[in-house]
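Note that the numbering runs from 1 along the sequence shown for the chain.
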Amino acid sequence: MASSVISTASVVGRSTPAQATMVAPFTGLKSAAAFPATRKNADITTIATNGGRVSCMKVWPTEGLKKFETLSYLPPLTREQLLKQVEYLLRLQLIPCLEFELKDGFVYRENNKSPGYYDGRYWTMWKLPMFGCTDAVQVLSELDECVKNYPQAFVRIIGFDNKRQVQIISFIAHRPDVY
């Protein structure tokens with residue numbers, strides 16, 4: 001049996017030292033005809049589009065309208081919309097939690113002017129995270145209780161992923177009347 005097996009090293013032809021070090025010659029760059037010509041257009045209205053006839057996007061006003069969290073560009077959510085958002089949060093198997101802020105509902109700079117540092121990022125937690133919660137109505141009843149105790153506070157609902165130990169979802173559920 002051993003005599004019928006032929007070594008591949010004996011079958012493959014040996015190369016000369018010149019062939020082992022040969023490299024294909026450099027033929028230069030491809031001609032410009034192979035690349036399509038690009039046109040430079042100074043008109044920025046052709047860059048932004050919403051898929052319709054309108055070719056420019058409206059910018060959110062910067063004065064008087066603060067951006068808070070996810071969905072803050074929308075009108076305040078109705079009770080049904082809040083319920084659907086919480087149901088989505090629970091469907092993703094996230095842990096709901098409520099936080100509130102009495103002073104400002106947005107980030108600001110007061111104590112430090114260094115890049116990346118902002119005050120107002122951390123809010124006070126309303127009770128403990130709702131571990132094991134499977135009912136969106138229970139979360140909204142906690143929201144109602146928080147708003148009842150702190151009517152002039154910003155209240156947000158957040159969703160934690162307990163496996164990755166990170167916050168996944170956060171949105172404003174209640175704003176004070178002055179905002």
Side-chain angles (χ1 to χ4, degrees), residues 38 41-179:
T38 58
N41 191 352
D43 184 17
I44 65 166
T45 60
T46 60
I47 298 170
T49 179
N50 63 359
R53 286 189 228 147
V54 179
S55 60
C56 287
M57 290 184 256
K58 183 178 179 183
V59 177
W60 187 265
T62 57
E63 297 297 321
L65 295 174
K66 291 284 187 180
K67 300 286 264 184
F68 297 96
E69 298 279 340
T70 308
L71 308 177
S72 66
Y73 57 91
L74 296 174
L77 298 175
T78 65
R79 189 84 173 167
E80 294 79 27
Q81 291 169 332
L82 279 172
L83 192 64
K84 287 188 181 207
Q85 289 296 324
V86 174
E87 286 172 353
Y88 174 72
L89 182 142
L90 293 172
R91 205 175 16 218
L92 292 178
Q93 299 179 344
L94 300 176
I95 312 256
C97 181
L98 276 78
E99 292 181 338
F100 65 96
E101 173 64 33
L102 295 171
K103 183 179 176 187
D104 291 313
F106 43 88
V107 294
Y108 56 94
R109 289 185 170 200
E110 182 178 279
N111 297 318
N112 195 334
K113 303 296 184 208
S114 65
Y117 178 84
Y118 295 96
D119 296 308
R121 294 176 295 170
Y122 302 109
W123 292 16
T124 306
M125 190 183 305
W126 171 257
K127 298 186 179 179
L128 292 174
M130 301 174 76
F131 295 103
C133 178
T134 57
D135 187 17
V137 175
Q138 184 181 3
V139 177
L140 292 186
S141 66
E142 286 295 325
L143 172 67
D144 293 339
E145 189 177 342
C146 181
V147 170
K148 180 180 161 188
N149 287 324
Y150 300 103
Q152 293 304 315
F154 291 91
V155 183
R156 67 181 173 192
I157 298 174
I158 56 178
F160 286 108
D161 185 344
N162 63 345
K163 293 174 184 69
R164 294 189 290 174
Q165 298 291 310
V166 293
Q167 176 181 321
I168 302 293
I169 294 175
S170 175
F171 58 93
I172 296 288
H174 173 76
R175 296 181 196 176
D177 295 332
V178 295
Y179 287 93

Closest non-hydrogen atom pair, [X] against [Y]:
| X | Y | value |
| --- | --- | --- |
| Cys133 | Gln138 | SG-OE1, 3.5 Å |
| Trp123 | Glu101 | CD2-CB, 3.5 Å |
| Gln81 | Leu77 | OE1-CA, 3.4 Å |

- Task: Sort and list the pairs that fulfil salt bridge (charged side-chain N to carboxylate O under 4.0 Å, His left out) and have at least one residue in residues 79-92, not counting sequence neighbours.
- Result: Arg79-Asp144

Could you tell me whether the side chain of [Y] reaches within less than 4.5 Å of the side chain of [X], counting heavy atoms only?
| X | Y | result |
| --- | --- | --- |
| Thr134 | Leu90 | no |
| Leu143 | Val86 | no |
| Val155 | Tyr150 | no |
| Asp177 | Gln152 | yes |

- Phe160: what forms a ring-ring contact (aromatic ring centres under 6.0 Å, His included) with it, not counting sequence neighbours? none

- Message: Going by salt bridge (charged side-chain N to carboxylate O under 4.0 Å, His left out), name the residues that satisfy it together with Lys148, two or more places apart in sequence or in a different chain.
- Response: none

- Taking it one step at a time, do Trp126 and Glu145 satisfy side chain to side chain contact (heavy atoms under 4.5 Å, CB included)? CA-CA 10 Å; Trp126 171 257; Glu145 189 177 342; 3.8 Å; yes

- dist Ile168:CD1 -> Leu92:CG (nearest 0.5 Å) comes out at 8.5 Å

